[in-house]
Amino acid sequence: MNDPIRVAVTGAAGNIGYALIFRIANGDLFGPEQPVILQLLEIPPAMGALEGVAMELDDCAFPLLAQTILTDQPDVAFDRASWSLLVGARPRTAGMERKDLLSANGPIFVTQGRAINANAAPDARIVVVGNPANTNCLIAMNNAPDVPPGRFTAMTRLDYNRARTMLAHKAGRPLTAVTNVTIWGNHSATQYPDAFHAQIDAQPAAPVIGDDNWIKETFVPTVQQRGAAVIAARGASSAASAANACINHVQTWYAGTSAGDWASMGIPSTGAYGTPAGVIFSYPLTIGDGDYSVVDGLDLSEFDRSAIAATAQELLEERDAVADWLV
Ligand code: NAD
Ligand code: LMR
């Protein structure tokens, strides 16, 4: 057996946490040969609930779970952590946009960025799930000056999974036939889920679907608004699908993308495709050996460009709103 990998999870007693940590303990991130240590962070009022979750972890008798650490201290939670999954944050309710959570959630990411900077492992990799994920990621990254910025990512994998499923259903093809899906920009209602560079059965997706109007008028807004639709239907924001997306995000970053395919994560903006500097932007990425690169050479239409510009503009506005928390 390998040495255990330390995985910090914040908000571990919350809804996503409850759907996430059992899968990590089961080996879903790194495979059946790789033990893990779970370092679970909560706020003091939720420590009792976290104790209960830890009892259930014990009661699962997971062979790969080497240790479970429960704490309300960020310095303890991120101690030597190779992976930090920043989930703990308030969710929105009906009628809110995710960016309406910035004033409530932003300070969490100042504290946690500093604690990651001081305590995490040299190979630290960070996934921000708590909303608004891109700008919270920007805050954490800015407060962790000793961690290479590229190790901070925001999760757009749930949007990617939603887009992929919708294209598969529309084309009447299995999910595995749909590849090269991109989420551009922000995990918000301005994101641009890109079907025009996606493929179905290794062919460009748009001609396979044969209905550009459906892509522009139905597919794009449905993916953009899916989080709100789940809240309207469930009375609570997505949890199991968000946890699954977080698992997928780490799996792909750890194991890499398949030949010819790509995935999407929010990363420090690179300027590619005219995107602005200084925000966390989701791009098409090829990933291997824990490193990623933005897919270059995609031919963007006017429709693509204007959708990318709209989500970039929103990210700049969010960045301006949190200027006091950026160092
Ligand atoms: P939840 O309210 O069920 O759980 C959040 C947990 O975080 C609570 O247990 C709370 O005590 C804890 N918490 C709050 N502040 C904390 C802190 N400073 N340190 C540690 N823990 C803290 O919410 P949820 O449904 O699990 O959602 C969590 C976040 O994830 C929300 O912001 C939600 O909007 C976001 N989310 C993002 C995506 C995405 O695709 N990026 C998808 C779904 C949900
Ligand atoms: C989602 O996309 O489901 C999450 O970001 C939760 C939300 O607020 O929409």
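Just so we're clear, the structure is a prediction, and the values are computed from it rather than from any experiment.
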[Y] and [X], any side-chain heavy atoms less than 4.5 Å apart:
X: Leu29; Y: Tyr254; answer: no
X: Leu158; Y: Ser238; answer: yes
X: Leu70; Y: Glu51; answer: yes
X: His197; Y: Asp304; answer: yes
X: Phe196; Y: Ser301; answer: no
X: Asn131; Y: Arg92; answer: no
X: Phe303; Y: Asp212; answer: no
X: Asp296; Y: Val294; answer: no

Exercise. When you look at CG of Asp299, are more than 12 heavy atoms from neighbouring residues, nucleotides or ligands closer to it than 6.0 Å?
Worked result: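 Counting other residues, nucleotides and ligands, CG of Asp299 stays at 12 neighbours or fewer.
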
Of [options], which meets side chain to side chain donor-acceptor pair (under 3.5 Å) against [X]?
X: Trp184; options: Thr190, Thr311, Asp194; result: Asp194
X: Trp262; options: Thr252, Thr182, Asn180, Thr286; result: Thr182
X: Ser188; options: Arg98, Glu97, Glu314; result: Glu314
X: Gln191; options: Asp159, Asn186, Thr156, Asn134; result: Asp159

Counting only N and O atoms by type, is there a donor-acceptor contact under 3.5 Å from the side chain of [X] to the main-chain atoms of [Y]?
X: Asp123; Y: Ser82; value: no
X: Glu42; Y: Ala13; value: yes
X: Ser269; Y: Pro276; value: yes
X: Asn143; Y: Phe109; value: no
X: Tyr292; Y: Gly256; value: no
X: Arg164; Y: Val178; value: yes
X: Trp253; Y: Gly290; value: yes

For this session: Report the distance from atom CE of Met265 to atom CZ of Phe152, rounding to the nearest 0.5 Å.
Result: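 The CZ atom of Phe152 is 13.5 Å from CE of Met265, to the nearest 0.5 Å.
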
For this session: Verify side-chain hydrogen bond (donor to acceptor under 3.5 Å, both in side chains) between Ser282 and Tyr160, making sure each step is shown before the conclusion.
Result: CA-CA 10 Å; Ser282 181; Tyr160 164 102; over 6 Å; no

Exercise. Run the side-chain contact (heavy atoms from CB on, under 4.5 Å) check on Leu86 and Ile116 step by step: do they pass?
Worked result: CA-CA 11 Å; Leu86 309 189; Ile116 288 167; 4.0 Å; yes

For this session: Evaluate the criterion side-chain contact (heavy atoms from CB on, under 4.5 Å) for residue pair Leu65 and Leu57; output intermediate values, then yes/no.
Result: CA-CA 9 Å; Leu65 183 56; Leu57 277 170; 4.2 Å; yes

Exercise. Between Val7 and Phe30, is a side-chain contact (heavy atoms from CB on, under 4.5 Å) present by the stated rule, with each step listed?
Worked result: CA-CA 11 Å; Val7 182; Phe30 313 120; 3.8 Å; yes

For this session: May I have the step-by-step check of side-chain hydrogen bond (donor to acceptor under 3.5 Å, both in side chains) for Asn244 and Ser241, ending in yes or no?
Result: CA-CA 5 Å; Asn244 178 66; Ser241 58; over 6 Å; no

For this session: Check the pair Asn248, Asn161 against side-chain hydrogen bond (donor to acceptor under 3.5 Å, both in side chains), reporting the backbone distance first and the verdict last.
Result: CA-CA 9 Å; Asn248 293 161; Asn161 285 346; 3.0 Å; yes

Exercise. Under the 6.0 Å and 45° cation-pi test, does Lys170 pair with Phe219?
Worked result: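 Lys170 over Phe219 ring: no.
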
